[in-house]
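Here's the structure we're looking at; comments come further down.
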2 protein chains.
Amino acid sequence: MLSPDEILAVIEDGGFRSTASRRRLADVLTSHEEGFTAEELVAETPGVGRATVYRTIRLLVEQELLCKLSLPDGTPRYTLAQRGHHHHVVCQNCGSVREFRQSAMERMLKELESSDGDVVTGHRIEVFVVCAECLVRGVVPTNVHQH
Amino acid sequence: MLSPDEILAVIEDGGFRSTASRRRLADVLTSHEEGFTAEELVAETPGVGRATVYRTIRLLVEQELLCKLSLPDGTPRYTLAQRGHHHHVVCQNCGSVREFRQSAMERMLKELESSDGDVVTGHRIEVFVVCAECLVRGVVPTNVHQH
DNA sequence: AGCATAATCGATACTTAGTATCATTTGATG
DNA sequence: CATCAAATGATACTAAGTATCGATTATGCT
Ligand SMILES: [Zn+2]
Ligand SMILES: [Zn+2]
Ligand SMILES: [Zn+2]
Ligand SMILES: [Zn+2]
């Protein structure tokens, strides 16, 4: 997992300043193993303004240190990124997140490129699950209709 | 493509009423070949309240007649659904949408099921492009970073 | 260390994409 | 055509941010 210092290093390498608010946020971020909301971050960093929290989230998403995902109903969720291209498996019940990589699938998505006059610029994939922890707690999985 | 009557038929078959507002919306919806926003619909059905437009959108998404997608920046967009399981190719410049199906990829996503204690309940896939029309108009494709 | 200054900050107002409430209207059924 | 739950429109509210702006601060320079 990413450490607060690694986050600060990326911020500084990007030409941005290492500030007290950003250090506070880096600490709180790295304490989350399992995905979180922006408002959780706001609540967990009292004294840091809401605008600063959202600005920092945006900065870190741009720097590819944070991933922004959304649950089946569209509510947004954030998680720390590992390295490289990946996607996420998200528990629709508790919001816990893990990464997955599937090179065969990536190859297939690239092939769409040649099929039309379009130029492919990216893709978004989210796999929804009810995670093992929620299952043992008795949550009944229901299929979600998504596109 | 879906006709207004087919939309109304699905609404009635679902046990919902065929009302003036819903007929107006069915007409406007089917006139859109290429994806639209909720606010466009509001603007195009004067006299129909904003709440009714959003309620009808929700109803039609539940009935799987409308697909809700989002652009790389997260702004929502709707499009009429064809039949069966599918995903979408979305132009990040003009928002135009087409469906795609990739059975090999679907099979791969199902296989994730066996890999963990999780139960897969669904997935979301969007492929972003700059479409042929935008390309001839000189739009330069830039890759989008997504998960 | 002291200073300049652009970056960043917090407070606050605003925006976008909806949902909730509720009094009124309307469409389906008998 | 009377009934009455379903649906409607107006309005208020919420969630998830973004924009503005005057005050503060980190960084580089001397
Ligand atoms: Zn990610
Ligand atoms: Zn990928
Ligand atoms: Zn669809
Ligand atoms: Zn699929």
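Just so we're on the same page: letters track the sequence lines, and every chain starts at 1. Basis for what follows: all heavy atoms, side chains included, without hydrogens, waters or symmetry-related copies.
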With a 3.5 Å cut-off and heavy atoms only, can you find an N or O donor on one side and an acceptor on the other between the side chain of B:Arg55 and the base of D:dG9?
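Answer yes: a donor N or O sits under 3.5 Å from an acceptor.
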Would you kindly give the [atom1]-to-[atom2] distance between [X] and [N], to the nearest whole Å?
{"X": "B:Ile57", "N": "D:dT8", "atom1": "CD1", "atom2": "P", "value": "13 Å"}
{"X": "B:Leu41", "N": "C:dT16", "atom1": "CG", "atom2": "C1'", "value": "16 Å"}
{"X": "A:Phe16", "N": "C:dA6", "atom1": "CZ", "atom2": "C1'", "value": "14 Å"}
{"X": "A:Phe36", "N": "D:dG17", "atom1": "CZ", "atom2": "P", "value": "12 Å"}
{"X": "B:Leu71", "N": "C:dT16", "atom1": "CG", "atom2": "P", "value": "15 Å"}
{"X": "A:Leu8", "N": "D:dA26", "atom1": "CG", "atom2": "C1'", "value": "13 Å"}
{"X": "A:Arg50", "N": "C:dA11", "atom1": "CZ", "atom2": "C1'", "value": "11 Å"}
{"X": "A:Ile11", "N": "C:dA7", "atom1": "CD1", "atom2": "P", "value": "16 Å"}

Within less than 4.0 Å of OP1 or OP2 of D:dT14, is there a side-chain N or O belonging to B:Tyr54?
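For D:dT14, OP1/OP2 do not have a side-chain N/O of B:Tyr54 under 4.0 Å.
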On the nucleotide D:dA6, are OP1 or OP2 found under 4.0 Å from the side-chain N or O atoms that B:Thr19 carries?
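Answer no for this pair, as no side-chain N or O of B:Thr19 is under 4.0 Å from OP1 or OP2.
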Under 3.5 Å side-chain donor-acceptor pair for A:Asp73 and A:Thr75
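A:Asp73 vs A:Thr75: donor-acceptor pair found between side chains.
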Under 4.0 Å between any heavy atoms, over every strand shown, what does [X] touch: base, sugar-phosphate, or nothing? Just pick one.
{"X": "B:Thr37", "result": "nothing"}
{"X": "B:Arg58", "result": "sugar-phosphate"}
{"X": "A:Gly74", "result": "nothing"}

Relative to the ring of A:His85, is the ring of A:His87 parallel (under 30°), tilted (30 to 60°) or perpendicular (over 60°)?
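Perpendicular, since the angle between the ring planes exceeds 60°.
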Can you tell me how the ring of B:His86 sits relative to the ring of B:His88, calling it parallel under 30°, perpendicular over 60° and tilted otherwise?
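The arrangement is perpendicular - the two ring planes meet at more than 60°.
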Report the residue (B:Arg17 or B:Lys68) whose heavy-atom-nearest nucleotide on DNA chain C is the more 5′ of the two.
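The residue closer to the strand's 5' end, by nearest nucleotide, is B:Lys68.
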Want to settle it: does B:Ala20 or B:Ala51 sit nearer the 5' end of DNA chain C, counting the closest nucleotide to each?
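Nearer the 5' end of the strand: B:Ala51.
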Listed nucleotide nearest any side-chain atom of [X], set [options]:
{"X": "B:Arg22", "options": "D:dA16, C:dT8, D:dA7", "result": "D:dA7"}
{"X": "B:Val48", "options": "C:dA17, D:dG9, C:dG10", "result": "D:dG9"}
{"X": "B:Tyr78", "options": "D:dA16, C:dG18, D:dA26", "result": "C:dG18"}
{"X": "B:Ser21", "options": "D:dT8, D:dA7, C:dT8", "result": "D:dT8"}

With salt bridge (Lys or Arg N to Asp or Glu O under 4.0 Å) as the test, would you mind laying out the steps for B:Arg83 and B:Glu64 before giving the verdict?
CA-CA 9 Å; B:Arg83 274 299 96 192; B:Glu64 304 187 15; 5.7 Å; no
Testing A:Ile7, A:Thr19, A:Thr56 one by one against A:Leu25 for a side-chain contact (heavy atoms from CB on, under 4.5 Å), which residue passes?
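Of all the options given, the one that passes is A:Thr56.
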